[in-house]
A.B. asks: 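Following this message is one structure expressed as structure tokens.
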Amino acid sequence: MTVPDFPRDALILGGNRIPFARSGGAYAGISNQDLLTAALDGLVARYGLQGAKLGEVAGGAVLKLAGDLNLTRESALGTPLDPRTPAIDLSRACATSLETVIRVSNKIQLGQIDSGIACGVDSASDSPIEVTPRLRRILHRAFAAKTAVQRVKAFSAIRPADLAPVPPRNGEPRTGLSMGEHQALTAAQWGITRQAQDELALASHQKLAAAYDAGFFDDLVTGYRGLSRDQNLRPDSTLDKLSTLKPVFGVRSPEVAEPTMTAGNSTPLSDGAASVLMGTQEWADERGLTPLARVVDARSAAVDFAHGAEGLLMAPAYAVPELLDAHGLTLQDLDIYEIHEAFASTVLATLAAWESEEFCREKLGRGGALGAIDPDKLNVVGSSLAAGHPFAATGGRLVATAAKLLHQREVETGRVQRGLISVCAAAGQGTVVLLESVTDA
Amino acid sequence: MTDAYTKFVRSAPGALLAKRVGLPRPARLPRRGDRPGPVLGPVVVLGESEGADQVAHELLGWGADVRRRFEELRTVGSVILVLDEVSTPADLGRLLLPLAGAMRTLAPGARVVTISRPARGEDPAQDAARGGVEGFLRSLAHEMRAGGTANGILVTDGVGPDAPGVIGTLRFLLSARSAFVTGQLVTVASEAGSLTEDLEQPLAGRTALVTGAARGIGAAIARTLAADGARLVVLDVPGAGTELSRLANELHAVPIQLDVTAQGAGERLVASLRERGLRLDVVVLNAGITRDKLFANMTAERWDPVLAVNIASQIALTDALIEAGAAGAVLGAQPRVVSLSSTSGIAGNRGQTNYAASKAGVIAFVDALAARLESLGGTANAVAPGFIETEMTARMPALTREVARRLNSLQQGGLPADVAEAIAFLSSAEAGGLRGETLRVCGQNMVGR
């Protein structure tokens, strides 16, 4: 590799994921490593990467076992990729694989690598369970003991209460509130109605099912363990059915007068893995691959949710305007929007914020509102509410889907298409990416 | 893949017991890896015709030890009976009886192949002689021992004994690749096709599609075609996607996830092939399912999917491939279509009315398809497996399965690779003279013809 004239375009060449399963469902008992290996195996098969030495495989998981130190590298080693392909694990909660896309993109643009895979995996069914801090200290003392007497002495300190395992925390460490409880506050604050949330959820199921029927996912999803579609997908769902569900979040918060968030308009815990193949134009040409889109730019933001200054999942509302401004674009200049449906109310609250003069003036420091978007351009083939949301796999799913959509639409219209991907994440963070279609022509 | 019974009778006490009480003792069948050579020698070519000389000359060209009589031979590996010029039943005895005295000298895994002409309804005496070959051959196959097989080639009048189809069929039947094919007659109807130069990689430079490739016989077909040099496109339902990916990774093949019964499946396949710039020389229509039930208990839920997957999808896919047209053609110059039938489609099978209907449909379908493909220089043929050791037959009730295994001349189940070998042969350039044939891979199962 000679030193290139950089920055060069980092191109999305394709993707592959396994169908997402409901937690405790089709993939119960299967490890993160197996899930990620399956997603990578399918990607290698689809793009003929057997024996290929890539620049890097960047991946990660949110619910990660301590033993999965090199989860991505170990998974890549299980595929027919050249074993000399390096790998890295990184993490930013639900934005993890969006961050891996950005990392691979940056490295390609800077000429550090020519090709790479961005990926992510999560298994809520196989989440880590820890021991109490006290038991951990006792065990460390016992392992360090030099004599049997010392060891027995260390073990004798164990009390029955120490033996209770500590399940993964289902809440923000700084507030003690779960993500759903946080979002219930945001939904109430923005006055997001139950009706609007159920409609968004229903549309997500209908659009995802229609896309599967049309074969849109034929080259994005590889069946696994008998699943050929996302287990959470309910093509026959109706507003009536959704309206019968009881609210599950915000029910105990005095700030929420009328809870609206149900299991139907919130994403379920899921298991799954997703991957994205990226490379330079030259690398794609050498392999006869058709680039779908290029990564234009990305931004991350964080909000002060801990002191209540902003809702936990509102960071993308801040990151998107910054990203658009950097490229002289307005919100309406985009052709598709992939906004992660952590909850239906997250999407609706974000859109409401951009439509609000007050929010845009006071919080974003702008002259006026960003305005509304064309709802027909939002999550056009369904999103997390229907597909499910294995945390670190969602970004990869969105990028591959968006890249294929943008490419298809440029082929149809002959015009360059722009797409926005927006993912909120735990701890008040958010990551957004701007993609632009490319074609051979 | 040796079944428990066979393992037992191959053990010392088992062999003794089986011999005493006359239990079947299945022989170990040599396969491709056990006997890579083209022909088990020495080979004796019997017959007085010019065709016999041509065949003997051809075999000399393969480097075989060729003789014209049995004298002085202690063991015989292969026998070719060239009967293309018999004119009365009286001719048969003169030409065939020398083999009678040599039967006990046949080596384990020996091959007997007749080359004769089919009756044509013109000359009673000649037709009787020609027809008689079939009865002789099918009975001889029952008498072959130690894994030996006997098969025939019927060469239509006007087609020379050195036509590519005849030589290709002879190569297949003499090789270890036809281990589980016995008692069968294959008709070579034309001079079409071409001889393969590279015997190690007869499918080199060709692209083959295998449907239902993720598991079982489909995966075996893909592996065999790949070993023969073909570039593979492997197709299966999305639910089997990961198995398909792993097979694709193993064979450096192109995976296509597609439910062959889906609306527009043919068009989706054509689009996928065009997108990747692929042209198919070989199409193996293997995807198939069973939903067994006595007809008295048969419902549309059990009938319809079997017909949809096993035959309707084949019609739809081949229609779409042919109709893709000249401009964006996705079929190569001399396409070979091979479809999967079943001995159940020939003889019928209790509890399989739906399956047998679909598989009998395949037999008639390839015949019609062959006629349609002729203008493209292509052919269509079928393979009808008998009892093959697969995940599907492993789920049969134990006793039924055990009986099914013994009900053929070789007294054992075949392997997926045996079916794959027959398909590889029908996919080759040499098989151009075979049109609408259904080749049984059944160890001469005692049902049907």
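Note on naming: letters A, B, ... go to the chains in the order of the sequence lines (proteins, then strands), and numbering restarts at 1 for each one.
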A.B. asks: Let me confirm one number: the OG-CG distance from B:Ser245 to A:Leu40, rounded to the nearest 0.5 Å.
C.D. replies: 11.0 Å

A.B. asks: Apply side chain to side chain contact (heavy atoms under 4.5 Å, CB included) to A:Asp41 and B:Arg246, showing your working.
C.D. replies: CA-CA 7 Å; A:Asp41 265 340; B:Arg246 297 208 168 120; 2.9 Å; yes

A.B. asks: What part of A:Asp219 is in contact with chain B, defined as an atom under 4.5 angstrom from a non-hydrogen atom: side chain, backbone, both or neither?
C.D. replies: side chain

A.B. asks: Find the distance between CG (A:Asp213) and CD (B:Gln263) and round it off to the nearest 0.5 Å.
C.D. replies: 10.5 Å

A.B. asks: I'd like to know which of B:Ala240, B:Pro255, B:Ala248 tops the heavy-atom pair count under 4.5 Å against chain A.
C.D. replies: B:Pro255

A.B. asks: Count the heavy atoms belonging to other residues, nucleotides or ligands that lie under 6.0 Å from NZ of B:Lys293, then report whether that count exceeds 12.
C.D. replies: no

A.B. asks: Below 4.5 Å, heavy-atom pairs only: which of B:His252, B:Glu275, B:Gln257, B:Glu250 has the largest tally toward chain A?
C.D. replies: B:Gln257

A.B. asks: Counting only heavy atoms closer than 4.5 Å, note whether B:Ala253 contacts chain A via side chain, backbone, both or neither.
C.D. replies: backbone

A.B. asks: Looking at A:Thr222, A:Asn16, A:Thr290, A:Leu227, which has the largest count of heavy-atom pairs under 4.5 Å with chain B?
C.D. replies: A:Thr222

A.B. asks: Between B:Glu243 and chain A, which part of the residue has a heavy atom less than 4.5 Å away: side chain, backbone, both or neither?
C.D. replies: neither

A.B. asks: Where does A:Ala214 contact chain B at under 4.5 Å (heavy atoms): side chain, backbone, both or neither?
C.D. replies: backbone

A.B. asks: If you count the non-hydrogen atoms of other residues, nucleotides and ligands that lie under 6.0 Å from CZ in A:Arg287, is the total more than 12?
C.D. replies: yes

A.B. asks: State whether a side-chain donor-acceptor pair under 3.5 Å links B:Asn249 with A:Gln50.
C.D. replies: yes

A.B. asks: Report yes if the side chains of A:Asp218 and B:Arg268 come closer than 4.5 Å at any heavy-atom pair, otherwise no.
C.D. replies: yes

